[in-house]
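Both ligands and their constituent atoms are indexed starting at 1 by order of listing. Note that this is a predicted model, so its numbers are computed, not measured.
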Amino acid sequence: MSRVFNFSAGPSMLPEEVLKKAAIEMLDYEGSGQSVMEMSHRSKVYKPIIEKAESLVRELMNVPDNYIVLFLQGGASTQFAMIPMNLKKNGRAAYVNTGVWSKKAIAEAKKYLDVDVIASSEDKGFSYIPQVPSVSGDYDYVHITLNNTIMGTHWEYIPDTGDIPLVADISSCILSEPLDVSKFGLLYAGAQKNLAPAGVTLVIIREDLIPENPIPGTPTMLNYRIHAENGSMYNTPPCYTIYIMKLVLEWIKSKGGAPGMEKLNREKAALLYDYLDKSDYYHATAEPGSRSLMNIPFLTKERDPEKADAINKKFVQEAASAGLVNLAGHRLVGGMRASIYNAMPIEGVKALIAFMEKFAEENNK
Ligand SMILES: *Cc1c(COP(=O)(O)O)cnc(C)c1O
């Protein structure tokens with residue numbers, strides 16, 4: 001069996017060491033005679049798994065003591081509703097629109113409160129991160145998408161929101177580099193990009209932001225307080241996914257934690273961006289100064305839409321034959337996209353560049 005380099009935007013590659021460890025522990029987890037998939041979430045053998053996952057999140061992200069860590073379900077998309085339902089006070093929130101996921105968050109929030117879009121990069125196809133002046137007003141919170149998975153952009157600075165809680169979707173960049181949690185009121189991430197298989201959403205919320213009561217009619221399952229008071233065990237949590245997250249967090253720790261990940265990720269991204277910037281055949285779509293370390297969309301120089309479509313298809317197909325899979329771009333950006341999350345080894349990026357060179361030689365006419 002040979003494994004491919006998987007450039008999928010999510011679900012995405014997991015570290016091979018993690019998969020091997022999970023395989024070894026599959027039938028008999030630590031002498032329990034059971035798989036983690038089969039055990040009660042309230043059992044003596046399972047409890048240390050979720051506790052270790054939480055303590056590793058706290059350690060690796062340097063989470064201050066006045067923040068609660070929650071393991072929830074419903075993906076990052078459920079947070080788009082849960083945030084306004086729980087944080088609404090005055091009834092108005094500020095959002096920055098940096099692409100598809102921001103737009104979805106905005107559309108959902110509008111069902112529950114008034115939204116001011118205080119900055120946007122839509123004027124240039126979301127190819128950059130806008131400058132946000134210091135925010136003031138009676139906003140209940142300010143929302144940003146820290147890494148834009150589809151557009152391939154990333155905030156290089158944290159906007160100053162004063163006393164207004166800053167909320168960030170960090171689904172596609174969590175633990176890819178150090179992040180100062182204390183600058184945020186709430187952070188959330190669907191796990192399937194950088195942390196685990198799909199099925200768990202990590203929420204890190206400052207304790208004082210959890211309201212006594214969310215807006216009337218809020219389902220029990222969408223109430224942060226319920227989950228906080230029950231240690232993410234109000235109902236059955238996604239036990240196995242949390243176990244894999246624990247293994248991934250242990251792997252991240254063994255590689256030097258968030259600083260170790262950043263070093264590796266900067267090295268990988270620099271290789272690819274340098275190649276793209278020098279190439280006379282390909283170019284990156286995100287502007288320098290706003291570029292993601294995780295998701296790198298790129299186009300060929302083919303301008304004619306039909307021809308571009310054909311060449312993109314050819315690229316994706318031939319790359320797949322060479323063991324480099326899931327490189328098709330998002331339909332909104334076109335071209336190709338290489339997602340190079342924490343688990344993508346540098347060899348994968350080198351193999352991609354070697355393939356791109358060969359493909360350019362054969363097709364750059
Ligand atoms: C993938 C993604 C989402 C959606 O996550 P789900 O867990 O599928 O709901 C939201 N925001 C960002 C930035 C993403 O990358």
Do [X] and [Y] have side-chain atoms, one donor and one acceptor, less than 3.5 Å apart?
{"X": "Lys193", "Y": "Asn147", "answer": "no"}
{"X": "His154", "Y": "Glu177", "answer": "yes"}
{"X": "Tyr139", "Y": "Asp163", "answer": "no"}
{"X": "Tyr29", "Y": "Glu38", "answer": "no"}

Knowing that exactly one of Ile296, Asn326, Asn295 qualifies, which makes a side chain to side chain contact (heavy atoms under 4.5 Å, CB included) with Ser339? Asn295

Between Arg291 and Asp277, is there a side-chain N and carboxylate O pair less than 4.0 Å apart? yes

Protein heavy atom at shortest distance from [atom]:
{"atom": "atom 11 (N) of ligand 1", "answer": "Asp169 OD2, 2.6 Å"}
{"atom": "atom 15 (O) of ligand 1", "answer": "Thr149 OG1, 2.4 Å"}
{"atom": "atom 9 (O) of ligand 1", "answer": "Ser77 OG, 2.6 Å"}

Please indicate whether any nitrogen or oxygen in Gly74 is less than 3.5 Å from any nitrogen or oxygen in ligand 1. no

Is Asn147 touching ligand 1 with its side chain, its backbone, both, or neither, if touching means heavy atoms under 4.0 Å apart?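 Backbone only; the side chain of Asn147 stays clear of ligand 1.
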
Please classify the Ala76 to ligand 1 contact at 4.0 Å (heavy-atom distances, strictly less than): side chain, backbone, both or neither.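 For Ala76, backbone and side-chain atoms both sit under 4.0 Å from ligand 1.
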
Would you tell me which option among Gln73, Gln192, Lys104 has the nearest heavy-atom contact to atom 7 (O) of ligand 1? Gln192

Relative to the heavy atoms of Lys193, which atoms of ligand 1 are at a distance of less than 4.0 Å? 1 (C), 2 (C), 3 (C), 14 (C), 15 (O)

